[in-house]
Chemist: 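Before anything else, here's the structure in question.
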Amino acid sequence: MTDWPQAHGRYVIDAVGSTLDEGMRMATSHPAPFWLMAHRQTAARGRRGRPWSMPEGNFAATLMLRPEGAPGHVALRSFVMSLALHQAFIAVTGKPELFGLKWPNDVLLNGGKVAGILLESAGRGGQADLLAIGVGVNLASAPGPDEVEEGSVLPVSLAAETGVCIAPEDFLQHLAAAYAVFEEQFMQFGFAPLRTAWLAHAARLGEVITARTGQNERTGTFEDVDKDGNLMLRTATGVTRIAAADVFF
């Protein structure tokens, strides 16, 4: 089994409302970085406050960090975690060709959503003093189509798609080790090399996608991700940079 990363706390609990909320609470008395994993969540959530289904045997954890820098730079750790998830999946399956990365924060397996990431931060004076990176992975089973937004990528599970069955605590070991490596690269070299690595695994790069925000919807060619992590979408009127959106294929 992969060694646990040095100086990272590790807490595993049976049940909690949300590992994100509990991680934020624990950070007031526990030094970061630390991982908090729960076998059950009763109030899990995804992007834009949507509920996140947590069947038994699936993975739910939050990494708590004390980052430095402006909020936009801190938020680039969604790409760091995406790459760590990708590496962890390869480690447990040995099949890199099955996995892709969907902007801004999902991991795909055979074209279906197997994992999602949610970042939340707290701070003062324009700085993010505390960052929570929540991760949900469909290890054992996936929610049904009726539990996801219409038009979204359908969820899949690692077990059903690959036959690999792994306990959540064992998956945490792989993920924590992978994240520590990519975090070190991010701290030393910045976003540029991680951006290149992320784009090498990007789903639908060069293809037509739809980016939907609360205000509007744009369809165009997924051309790139810029140095700030924005989606670059080419439409009939030129290239539009999109900081946050739900992407549909």
Chemist: I'd like to know if the side chain of E217 and the backbone of T210 have a donor-acceptor N/O pair within less than 3.5 Å.
Modeler: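 Between the backbone of T210 and the side chain of E217 there is no qualifying donor-acceptor contact (under 3.5 Å).
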Chemist: Under 4.5 Å between any side-chain heavy atoms of V114 and E161, yes or no?
Modeler: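 No, too far: nothing below the 4.5 Å cut-off.
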Chemist: To the nearest 0.5 Å, tell me how far S82 OG sits from N105 CG.
Modeler: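 Going from OG on S82 over to CG on N105, the span is 6.5 Å.
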Chemist: Transitive ILVMFWY cluster of I13 at side-chain heavy atoms under 4.5 Å: who else is in it?
Modeler: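 I13 shares its hydrophobic cluster with Y11, V16, M24, M26, F34, L36, M64, L130.
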Chemist: Any donor-acceptor pair under 3.5 Å linking the side chain of D228 with the backbone of N230?
Modeler: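 Not confirmed, D228 side chain does not pair with N230 backbone.
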Chemist: Among Ile, Leu, Val, Met, Phe, Trp and Tyr joined by side-chain contacts under 4.5 Å, find the other residues sharing a cluster with V208 and list them by chain and number.
Modeler: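 So far as hydrophobic clustering goes, V208 is joined with none.
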Chemist: What heavy-atom pair brings A245 and P104 nearest, and what distance separates the two atoms?
Modeler: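 What the structure gives for the nearest pair is O-CD, 3.8 Å.
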Chemist: Hey, what do you get for CG (N58) to CG (N138), rounding to the nearest 0.5 Å?
Modeler: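 Here the rounded value is 5.0 Å.
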Chemist: Return the set of residues passing ring-ring contact (aromatic ring centres under 6.0 Å, His included) with H201 (not counting sequence neighbours), or none when no residue passes.
Modeler: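 So H201 forms a ring-ring contact (aromatic ring centres under 6.0 Å, His included) with H86.
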Chemist: Can you name the closest pair of heavy atoms from A75 and L119 and give their distance?
Modeler: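 Answer, listing the atom of A75 first, then L119: O-CD2, 3.5 Å.
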Chemist: Which atoms form the tightest heavy-atom contact between A115 and V137, and what is the distance?
Modeler: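 Heavy atoms of A115 and V137 come nearest at CB-CG2, 3.9 Å.
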Chemist: V153, L158: one ILVMFWY side-chain cluster at the under-4.5 Å cut-off?
Modeler: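 V153 and L158: one cluster.
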Chemist: Using the rule that Ile, Leu, Val, Met, Phe, Trp and Tyr join whenever any side-chain heavy atoms are under 4.5 Å apart, tell me whether V12 and F171 fall into a single cluster.
Modeler: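 Yes, it is one cluster - the side chains of V12 and F171 are joined through contacts under 4.5 Å.
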Chemist: With E120, which residues qualify under side chain to side chain donor-acceptor pair (under 3.5 Å), at least two apart?
Modeler: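 Applying side chain to side chain donor-acceptor pair (under 3.5 Å) to E120 gives R45.
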Chemist: Does any donor atom in the side chain of E68 or H73 lie under 3.5 Å from an acceptor atom in the other side chain?
Modeler: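 Their side chains do not contain a donor-acceptor pair, so the 3.5 Å distance test is not met.
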Chemist: With a 4.5 Å limit on heavy-atom distance, are the side chains of V135 and L63 in contact?
Modeler: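 V135 vs L63: side chains apart.
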Chemist: Quick check on salt bridge (Lys or Arg N to Asp or Glu O under 4.0 Å): which of R195, R241, R234 does D224 satisfy it with?
Modeler: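 For D224, the salt bridge (Lys or Arg N to Asp or Glu O under 4.0 Å) test succeeds with only one of R195, R241, R234, which is R195.
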Chemist: Would V164 and I90 show up in the same hydrophobic cluster when neighbours are defined by side-chain heavy atoms closer than 4.5 Å?
Modeler: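 No: no chain of side-chain contacts under 4.5 Å links V164 to I90.
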Chemist: Which side-chain N or O atoms in residues 95-103 pair as donor and acceptor under 3.5 Å with protein atoms at least two apart or in another chain?
Modeler:
{"unit_1": "K102", "atom_1": "NZ", "unit_2": "V247", "atom_2": "O", "d": "2.9"}
{"unit_1": "W103", "atom_1": "NE1", "unit_2": "G229", "atom_2": "O", "d": "3.0"}

Chemist: Do the side chains of L205 and L231 join up, straight or via other hydrophobic residues, at under 4.5 Å, putting them in one cluster?
Modeler: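 Result: yes, single cluster for both.
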Chemist: Quick check for you: to the nearest 0.5 Å, what is the distance between I117 atom CD1 and D106 atom CG?
Modeler: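 If I round to the nearest 0.5 Å, the distance is 7.5 Å.
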Chemist: Roughly how far, to the nearest 0.5 Å, is CD of E169 from CZ of R10?
Modeler: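 If we round to the nearest 0.5 Å, R10:CZ and E169:CD are 5.0 Å apart.
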Chemist: What are the two closest heavy atoms between A38 and M54, and how far apart are they?
Modeler: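 In terms of heavy atoms, the two residues are closest at O-CE, 3.8 Å.
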Chemist: Rounded to the nearest 0.5 Å, how far apart are CG of D170 and SG of C165?
Modeler: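 Between atom CG of D170 and atom SG of C165 there are 12.0 Å.
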Chemist: Is the positively charged end of R204 above the ring of F222, judged by distance under 6.0 angstrom from the centroid and angle within 45° of the axis?
Modeler: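 No, cation not above the ring by the 6.0 Å, 45° rule.
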Chemist: Mark yes or no for whether H8, through its side chain, and Q6, through its backbone, hold a donor-acceptor pair below 3.5 Å.
Modeler: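 A pair under 3.5 Å: yes.
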Chemist: Would you indicate whether the side-chain heavy atoms of L85 and L175 approach each other to under 4.5 Å?
Modeler: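 With C-beta onward as the side chain, the pair touches.
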Chemist: Could you tell me whether E207 atom CD has more than 12 heavy atoms of other residues or ligands within 6.0 Å of it?
Modeler: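 Result for CD/E207: enclosed.
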Chemist: Answer with yes or no whether the hydrophobic clustering places V225 together with V239; edges join I, L, V, M, F, W, Y residues whose side-chain heavy atoms lie under 4.5 Å apart.
Modeler: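 Cluster IDs for V225 and V239 differ.
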Chemist: Can you give me the closest heavy-atom contact between A60 and M37, atom names plus distance?
Modeler: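 Taking A60 first and M37 second, the nearest heavy atoms are O-CG, 3.3 Å.
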Chemist: Distance check, rounded to the nearest 0.5 Å: F59 atom CZ versus T19 atom OG1?
Modeler: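 If we round to the nearest 0.5 Å, F59:CZ and T19:OG1 are 8.5 Å apart.
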Chemist: Measure the shortest side-chain to side-chain distance between N110 and V156 over non-hydrogen atoms and say whether it is less than 4.5 angstrom.
Modeler: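 No, their side chains stay 4.5 Å or more apart.
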Chemist: Can you see which heavy atom on L20 is nearest to which on G134, and at what distance?
Modeler: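 Smallest heavy-atom distance, with atoms named: CD2-N, 3.7 Å.
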Chemist: Cut-off 3.5 Å, no hydrogens considered: what does the side-chain donor-acceptor table look like for residues 176-186, sequence neighbours left out?
Modeler:
{"unit_1": "Y179", "atom_1": "OH", "unit_2": "E183", "atom_2": "OE1", "d": "2.8"}
{"unit_1": "E183", "atom_1": "OE1", "unit_2": "R77", "atom_2": "NE", "d": "3.1"}
{"unit_1": "E183", "atom_1": "OE2", "unit_2": "R77", "atom_2": "NE", "d": "3.2"}
{"unit_1": "E183", "atom_1": "OE2", "unit_2": "R77", "atom_2": "NH2", "d": "3.0"}
{"unit_1": "E184", "atom_1": "OE2", "unit_2": "Q188", "atom_2": "NE2", "d": "2.6"}

